[in-house]
Amino acid sequence: MPTVVWLIAAVHLAVALAQTAVFPNARSPDERQQVDLVLQVAQGAAWPWPDPGTAFVTEGVEAGYFVPTDRLPGRQHLADRDDVAPRGERPSYADAGGGTPMGEPAYNQLIQHPPLYYLLGSAVVSANPGWADQPLDAVWMALRWGNAMLTAVVPVLLFLTARRLGLPPPLPVVAAATPLVVPELTHIESSVNNDTLLIVLFAAATYLVARVLTGDLRWRTGAALGAVTSLALLTKGLALLMPAWIVLAYAVGGVRERRGADAVRGLLVAGAASVPGSLWWLRNTLVYGTIQPHGTHAEPPDLTAVHGWSDGGWDWLSRFAERMVTLFFVNDHDSDRAMDASWWMARVALIVVLAGVGTALVRRGLPRPAALVLLFPIPALAGIVARGSWEQFAAFGSTGAAQQGRYLFPGLVGLMVVAVAGAAALAPPWRRWVLPALLTLALAMHAAFWHDVWTLYWLPADPAGGLGRAVSAIAFWYPFPPAVLAVTLAGGLVAAVLLVRWTVRAAAAPVEPSEPAVPQRPKEAVA
């Protein structure tokens with residue numbers, strides 16, 4: 001593994017860990033409910049897994065955050081607040097009420113998901129036997145760090161996937177750096193959210209799919225792909241698209257290699273290995289009469305359509321398209337849909353990605369069937385999300401339900417590898433400048449994103465000395481000692497400097513005459 005890939009992984013991890021400090025607890029999608037369910041599993045209250053409509057958000061979880069969990073009324077000016085206790089003196093889960101259900105009917109809808117993520121989170125919490133009597137904001141932060149560490153492998157899997165597909169240098173390295181262009185990805189990675197586990201499992205599956213597409217039809221690869229699929233199916237319902245994806249990958253791989261029998265054998269092994277995860281959804285169907293029960297109702301709500309296209313279909317579609325773009329690359333945090341700096345930068349990034357994908361398909365930076373297989377999760381995920389959102393609109397008239405661009409993140413590795421493959425059409429001297437261009441775009445994305453975030457959360461009402469006061473407030477609110485954050489940021493800065501140095505030197509270096517101008521498909525030994 002080249003050293004530069006580890007530098008990219010270090011920068012990616014440092015950005016995610018920095019965002020654990022910049023975003024107050026509970027300011028990520030459903031994070032309060034995610035933490036609450038982890039803590040209930042750790043206590044044994046949510047294991048065995050609760051039936052639909054029986055799990056409540058507990059009072060104790062409110063000890064872990066100090067900012068509203070839903071739509072914010074406006075700028076928070078957290079640097080001006082003086083009502084947060086010093087570090088180490090903040091309330092614990094037990095102090096705030098422990099496992100007592102909230103007074104109002106506050107259901108935890110997340111029991112609609114399989115339990116794997118929450119079992120893993122509870123293992124992290126239970127490693128500290130006295131967690132319930134310790135400041136909950138620190139327990140919460142430990143879970144956030146665990147999520148960031150879990151997703152640290154994503155750049156490595158991007159590199160391995162691009163290299164396996166034969167992208168010419170330095171494009172596999174460019175692919176590894178693409179998560180830096182998606183600040184919302186590192187935001188989700190820095191939060192407590194079952195999306196993080198799904199993202200990693202899909203990234204591993206994408207690498208294995210790339211192996212299948214390039215001729216690795218061995219039973220061991222099929223077993224690994226099936227095992228990853230099984231784990232994904234035990235994480236979130238969006239993984240239900242994976243069986244169709246695997247069938248498509250083996251069909252393309254078998255036809256390209258003219259090894260239909262090997263492809264069928266690999267597919268059967270993958271299918272057998274995915275059975276354990278599939279049983280969860282079979283259980284739902286047998287016990288509840290539906291593949292995914294509703295989390296907050298014992299009986300599924302009536303989704304009979306009473307609204308049609310003429311009742312606001314265009315409004316629903318325009319909002320859906322806007323949310324899928326904006327909330328993929330960035331986040332508006334207070335849900336005001338402002339066309340601010342990060343909103344515009346999301347459009348810039350979208351144009352770059354679409355240009356890369358289009359070029360790859362037209363100029364065949366990858367074999368077109370392989371590229372389409374890698375892209376398959378994006379439209380499949382978008383279709384699943386659109387169907388659920390439309391059902392809510394048709395039943396209740398809601399034009400904005402379930403419209404989160406983050407739901408497309410499981411398809412990120414395939415999308416970014418194909419987008420980067422578009423640069424294979426460039427001559428080798430020009431390809432050297434793709435990584436500097438990508439890092440420049442990433443810097444601009446984060447500058448816009450973090451400007452909006454700091455303005456919304458931390459900057460005081462009085463602009464005089466505002467940035468310094470905001471930094472001091474972040475250090476005060478952070479539940480770990482400031483030295484931990486300082487060392488993390490210093491390590492990330494060192495890695496960033498070394499990455500820039502490598503990038504500049506690589507871009508300015510003379511091109512090797514033997515450097516391939518087009519992707520070379522790797523050879524695979526038949527086993």
Side-chain angles (χ1 to χ4, degrees), residues 8 10-29 31 67 71-72 74-79 144 147-148 151-152 154-155 177-191 193 195-196 199 322-353 403-409 412 415-416 419 437-459 466-467 470-471 473-474 477-478 485 488-489 492-493 495-496 499-500:
I8 291 170
V11 172
H12 168 256
L13 177 60
V15 171
L17 293 177
Q19 288 185 327
T20 67
V22 174
F23 286 94
N25 287 352
R27 286 307 305 165
S28 297
E31 191 175 24
V67 178
R71 183 186 178 101
L72 296 175
R75 294 185 179 182
Q76 296 298 288
H77 304 303
L78 298 182
R144 281 186 162 193
N147 277 266
T151 55
V154 171
T178 52
L180 299 176
V181 183
V182 189
E184 181 63 7
L185 173 67
T186 44
H187 173 210
I188 295 299
E189 292 172 342
S190 73
S191 68
N193 196 304
D195 285 344
T196 55
I199 290 166
E322 188 269 329
R323 295 284 84 182
M324 287 297 104
V325 175
T326 303
L327 301 184
F328 181 92
F329 289 102
V330 294
N331 196 317
D332 61 9
H333 312 292
D334 57 350
S335 302
D336 65 359
R337 302 177 66 194
M339 296 172 64
D340 49 23
S342 60
W343 189 96
W344 285 107
M345 285 306 303
R347 272 72 197 159
V348 173
L350 175 67
I351 292 171
V352 172
V353 170
Q403 297 177 355
Q404 294 283 332
R406 63 188 171 92
Y407 293 145
L408 305 183
F409 283 158
L412 179 129
L415 173 67
M416 291 304 184
L438 180 82
L439 295 180
T440 301
L441 175 61
L443 183 62
M445 291 287 295
H446 281 276
F449 181 73
W450 286 43
H451 170 270
D452 293 341
V453 172
W454 282 62
T455 300
L456 175 63
Y457 287 113
W458 296 102
L459 293 180
L467 185 59
V471 171
I474 290 176
W477 281 53
Y478 200 61
L485 188 58
T488 300
L489 295 178
L493 182 60
L499 174 60
V500 170

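Both backbone and side-chain heavy atoms feed into the values below; hydrogens, waters and symmetry mates do not.
Rounding to the nearest 0.5 Å places CZ of F328 at 10.0 Å from CD of E184. To the nearest 0.5 angstrom, L467 atom CG is 7.0 Å from L459 atom CG. Once rounded to the nearest 0.5 Å, the distance linking CD of Q404 with CG of N331 reads 7.0 Å. Atoms CG and CD1, from L485 and I474 in turn, are 8.0 Å apart once rounded to the nearest 0.5 Å. With values rounded to the nearest 0.5 angstrom, L438 atom CG is found 6.5 Å from L441 atom CG. Atom CG in D195 sits 10.5 Å away from atom CD in E189 (nearest 0.5 Å).
When side chains are defined from C-beta on, L499 counts as touching L439, because their heavy atoms get closer than 4.5 Å. The side-chain heavy atoms of V330 and M345, taken from C-beta on, include no pair separated by under 4.5 Å. Side chains of L408 and M324 form a contact here, defined as non-hydrogen atoms less than 4.5 Å apart. Taking the side chain as every heavy atom from C-beta outward, H12 and L180 approach each other to under 4.5 Å. Taking the side chain as every heavy atom from C-beta outward, N147 and T20 never approach each other to under 4.5 Å. Contact check for L72 versus Y457: side-chain heavy atoms found under the 4.5 Å cut-off. You'll find the side chain of V22 reaches within 4.5 Å of the side chain of W458, heavy atoms only. Between P179 and F409 the shortest side-chain heavy-atom distance does not fall below 4.5 Å.
Side-chain N/O atoms of T186 and Q19 include a donor and acceptor closer than 3.5 Å.
Of all heavy-atom pairs between A148 and L13, the closest is O-CD1, 3.5 Å. Between G492 and V11 the shortest heavy-atom distance is O-CG2, 4.2 Å.
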- Task: Verify side chain to side chain contact (heavy atoms under 4.5 Å, CB included) between R347 and T326, making sure each step is shown before the conclusion.
- Result: CA-CA 8 Å; R347 272 72 197 159; T326 303; 2.7 Å; yes

